[in-house]
Amino acid sequence: MAVAWIGNRETLVERAAAHAAALLGSSRCPVFSLDTDIHGTRAAIALAERVGAAYDHADGAAVSRETALFTDKGAMTVAPGETRRRADVVVIVGELPQIHHEFVGELSATVPDLSAKNQREIFLVGSNGASAPPLSNGRTATLLSCGEASLGATLAALRAQSRGRQTSQRVSNFDDFAKALEAAHFPVFLFSGDATEGLALEMLQGLIADLNRKSRASGLHLPASENGWGSALASTWMTGFPLRTGFARGFPEFDPWRYDVARMIAAGEADLHLRISSSIVQPQKKKNRMALIVLAKTQEPIAGAAVTIAIGEAGVDHEAVVYSSRTGSLRSIDARAASELPSAATVIRLVASHVSSEAALPC
């Protein structure tokens, strides 16, 4: 099976890696999009430092909103295990990614240690028509809504009513929510940056802080992308900064606007894009003469890519270390269907071995 191509021509992985290294060495403004495991992220950041690249997650907007909450505002959070054991009131804030639906279903099916009843109270904050992840035994979450108002506006109204203040529109089922909070020992708010704007995340933390004036409450961060959050953590321990960091001046600089890779590509600032994805990527429209290098799980060259190298999927084709939202930490996973496809880290290190350590950094 072919695993490497230069343009549309099949070639050896070694030659494809050497050609990719040559393109990186001649680039003045390379950018990396990551969607890989911890080892792949570490190798990519090391390569970015070598060639002076900026790097971001493939879905950088959602991960950036979550990162900004912790870097700019701060958050009161609890571990998933503590939520399973202690939370007697669970509040789902907005829409949660599909990968977390099973966890929410488990919460609805189990009884916490601190519960005075035989089940948890479950609420959903959102607009009319919002739906919660499937709950056990046909249960439904109680909707807290201000009609068609945005999630941020609904949270603001919920926070105001919780403090006894007047609002232009009352939150539906607020009395049930207030009674549940009054009897609760440990309410937990589930949130994600996937479909939640930054101001809404800040308003939620304000609500949690208000509740802690008289009782106890916390939030559980369920990341929009487990790979993305794992990459953010790896970037932080390697450089001191999360994703959207660049090495254009030879040292790490964090700027969530300047190093937004999607923005850089759209604005024509980047002249080379390295896309690293553990899943199959769809062909994308290139900007001007920007060179495209793709490392992805694919059986054919990506349209428009100067270099395509097939890699395995973490936890499927090879063992890996990934972030797990079920534990709130990193974990090692075995390969479910081991194959001969190389890991992202292996290919990136091969490319890096062909990059001159004395190559001038981009300006």
Side-chain angles (χ1 to χ4, degrees), residues 62 65-66 69 75 77-112 114-115 117-159 161-162 169-197 199-201 203-205 207-208 211 217-226 229 325-326 328:
R65 285 192 293 270
E66 295 173 338
L69 173 65
T77 60
V78 68
E82 190 74 1
T83 300
R84 280 191 291 266
R85 290 199 59 189
R86 305 294 188 185
D88 52 352
V89 172
V90 173
V91 185
I92 304 168
V93 180
E95 296 183 8
L96 298 178
Q98 183 73 31
I99 57 174
H100 303 303
H101 286 192
E102 182 180 352
F103 174 74
V104 176
E106 290 179 7
L107 290 179
S108 67
T110 55
V111 179
L114 297 181
S115 177
K117 302 180 180 180
N118 59 358
Q119 63 181 9
R120 308 177 201 264
E121 296 279 353
I122 299 182
F123 295 87
L124 169 66
V125 183
S127 59
N128 287 341
S131 59
L135 306 182
S136 66
N137 301 322
R139 295 182 60 191
T140 58
T142 303
L143 181 63
L144 302 173
S145 171
C146 284
E148 298 303 320
S150 67
L151 181 59
T154 302
L155 286 169
L158 191 63
R159 184 181 180 187
Q161 284 188 237
S162 297
Q169 184 174 357
R170 289 185 59 81
V171 177
S172 62
N173 301 309
F174 177 77
D175 291 341
D176 294 336
F177 178 67
K179 291 178 182 178
L181 286 183
E182 186 176 354
H185 292 89
F186 192 23
V188 173
F189 295 75
L190 313 185
F191 68 93
S192 170
D194 183 45
T196 306
E197 66 225 22
L199 290 177
L201 293 176
M203 185 60 69
L204 170 61
Q205 291 304 318
L207 172 61
I208 293 173
L211 294 177
S218 193
L220 174 61
H221 172 219
L222 299 174
S225 165
E226 290 184 314
W229 196 248
S325 58
R326 301 298 296 268

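Heavy atoms only: backbone and side chains are in, while hydrogens, waters and symmetry mates are out.
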Excluding sequence neighbours, so at least two apart, what forms salt bridge (Lys or Arg N to Asp or Glu O under 4.0 Å) with R84?
-> none

For E82, check salt bridge (Lys or Arg N to Asp or Glu O under 4.0 Å) against everything at least two apart and list the hits.
-> R86

Can you tell me how far the [atom1] atom of [X] sits from the [atom2] atom of [Y], to the nearest 0.5 Å?
X    : Y    : atom1 : atom2 : answer
L204 : T196 : CG    : OG1   : 8.5 Å
L190 : F103 : CG    : CZ    : 6.5 Å
L155 : I208 : CG    : CD1   : 9.5 Å
L151 : L158 : CG    : CG    : 10.0 Å
S127 : L144 : OG    : CG    : 12.5 Å
R65  : D194 : CZ    : CG    : 7.5 Å

Can you name the side-chain hydrogen bond (donor to acceptor under 3.5 Å, both in side chains) partners of [X], sequence neighbours left out?
X    : value
T110 : R120
S225 : H57
E226 : S325
R326 : E106

E197 atom CD, over 12 foreign heavy atoms within 6.0 Å =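 Yes, CD of E197 has more than 12 neighbouring heavy atoms, counting only those of other groups under 6.0 Å.
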
Take I122 and L124 through the test side chain to side chain contact (heavy atoms under 4.5 Å, CB included) and record every step on the way to the result.
-> CA-CA 7 Å; I122 299 182; L124 169 66; over 6 Å; no

Determine which pairs satisfy ring-ring contact (aromatic ring centres under 6.0 Å, His included) with at least one residue from residues 125-145, sequence neighbours left out, and list them in order.
->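 Output for this query is empty, none listed.
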
Quick one: list whatever passes ring-ring contact (aromatic ring centres under 6.0 Å, His included) with [X], sequence neighbours left out.
X    : result
F174 : none
F191 : H221
F177 : F123

Quick one: list whatever passes side chain to side chain contact (heavy atoms under 4.5 Å, CB included) with A156, sequence neighbours left out.
-> M203

Side chain to side chain contact (heavy atoms under 4.5 Å, CB included) between V78 and F186: does it pass, once the steps are laid out?
-> CA-CA 11 Å; V78 68; F186 192 23; 4.0 Å; yes

Quick note, side chain to side chain donor-acceptor pair (under 3.5 Å) partners involving residues 134-148, not counting sequence neighbours, are S108-S136, N128-S145

Derivation and outcome, side chain to side chain contact (heavy atoms under 4.5 Å, CB included), residues S131 and E95 | CA-CA 8 Å; S131 59; E95 296 183 8; over 6 Å; no

What closest approach, in Å, do A149 and T154 show between heavy atoms, and which atom pair accounts for it?
->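 For A149 versus T154, the nearest heavy atoms are O-OG1, 3.8 Å.
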
